[in-house]
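Working notes for the structure below.
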2 protein chains.
Amino acid sequence: MRIGELAARTGVSVRSLRYYEEQGLLVSTRSGGGQRHYTEDDIDRVDFIQRLYVAGLSSRTIMELMPCRDAPSDENSDSALERMAQERDRLSTHIKELLHTRDSLDGLIAAARADRDGRRTAA
Amino acid sequence: MRIGELAARTGVSVRSLRYYEEQGLLVSTRSGGGQRHYTEDDIDRVDFIQRLYVAGLSSRTIMELMPCRDAPSDENSDSALERMAQERDRLSTHIKELLHTRDSLDGLIAAARADRDGRRTAA
DNA sequence: CTTGCATCTCACATTGATGTCAGGTTTTAG
DNA sequence: CTAAAACCTGACATCAATGTGAGATGCAAG
């Protein structure tokens, strides 16, 4: 498929797909005229990339993780594996922080609601 | 306390504290010479702001939430309350995504480890 | 063949929080 | 009183992903 279709099917902009390629995260074959062509597999790949972006990883970091996904049996993926475990931990920590923040919000919301209802009852 | 101490005690840079004030998130009293002075309470306030930043909220959004924290009994905090509930939900969704991503990473890590150990045993 | 839509490259703009530098003023310690 | 350290404002830099626009080319359908 061409880039437009991949964009449509992943929900990622054409611009971003080209950027991913520029960063070495995504590879395409070129038609005679120079247009990018992708396979079905690339959809999953883009989804994965997106997920990591959402998780706050930089394209540089994602690049370091890719060998682990592409060639798990490759010798030099040992460092990628270590890197991935490290990022997993970072993510875990981040999730914990977010849960804490959510608790804070819940506390504020509950307090505000109670206060509001109190006022309403009093009025 | 002055800005340097607040920075030291919150782990937020002096530059950022000034920026928070510029965005209306933080208020300071000024000494005769124009230097900012803060109270102990401001430490919690800055911590709260930081937490929301980490949760991905923009300073604009944080500003909309502040009335709910500062004056929960204020009439016009109803909209802030609603906004806060909305952000809480957004955060929940985000956390769910991150958990999903962490699962993906766990899967890849497990696969890579299994593969590596398989190779080692075979070798 | 022609017309129109998709794609190409290249380059510059944007956003948001923060860093950094410069030149001047305030505060504090000796 | 004086020197050092902290602070002030203002402006410009940065980073990373993405938007956007121009000008040129590829490709598919009539």
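A, B, ... follow the sequence lines: proteins, then strands. Residue 1 opens every chain. Given the structure is predicted, the values throughout are model-derived calculations rather than measurements.
With D:dT9, D:dC27, D:dA17 as the candidates, the nucleotide lying closest to the side chain of B:R36 is D:dT9. Nearest nucleotide to the side chain of A:Y19, out of D:dG19, D:dT18, D:dC7: D:dT18.
A close approach under 4.0 Å does not occur between any side-chain nitrogen or oxygen of B:R30 and OP1 or OP2 of C:dT25.
Between A:S13 and A:G32, the residue anchored closer to the 5' end of DNA chain D is A:S13, taking for each the nucleotide with the nearest heavy atom.
Regarding A:Y20, its OH atom lies at a distance of 12 Å from the C1' atom of D:dA16, rounded to whole Å. At whole-Å resolution of the value, CG in A:L26 and C1' in D:dA17 are 15 Å apart. Between the CD atom of A:Q35 and the P atom of C:dT7 there is a distance of 7 Å, given to the nearest Å. Rounded to whole angstrom, the span from the CZ atom of A:R2 across to the C1' atom of C:dC8 amounts to 12 Å. The CD1 atom of A:I62 sits 11 Å away from the C1' atom of D:dA16 (whole-angstrom rounding). At whole-Å resolution of the value, CD in B:E22 and P in C:dA17 are 11 Å apart. Rounded to an integer number of Å, the gap from CD of B:Q23 to P of C:dT15 is 13 Å. Atom CE of B:M1 and atom P of C:dT28 are 15 Å apart (whole Å).
When the options A:M1, A:R18, A:R2 are evaluated for a side chain to side chain contact (heavy atoms under 4.5 Å, CB included) with A:R36, the one that passes is A:R18. The salt bridge (Lys or Arg N to Asp or Glu O under 4.0 Å) test with A:E21 singles out one residue from A:R45, A:R30, A:R15, and that residue is A:R30.
Side-chain contact annotation: B:T61 with B:S58, donor-acceptor N/O pair under 3.5 Å present.
Side-chain atoms of B:D70 do not come within 3.5 Å of backbone N or O of B:P67 as any donor-acceptor pair. Checking side-chain atoms of B:T10 against main-chain N and O of B:L6 turns up a donor-acceptor pair under 3.5 Å.
You'll find the side chain of B:E64 stays beyond 4.5 Å of the side chain of B:E87, heavy atoms only.
B:Y20 has its ring centre less than 6.0 Å from the ring centre of B:Y53.
Proximity of residues 42-60 of chain B to DNA chain D (heavy atom under 4.0 angstrom from any strand atom) is not detected for any residue.
At a cut-off of 3.5 angstrom, counting only N and O atoms as typed in the model, there is a donor on one side and an acceptor on the other between the side-chain of A:R15 and the base of D:dT18.
Within the 4.0 angstrom heavy-atom criterion, base atoms lie near A:R18.
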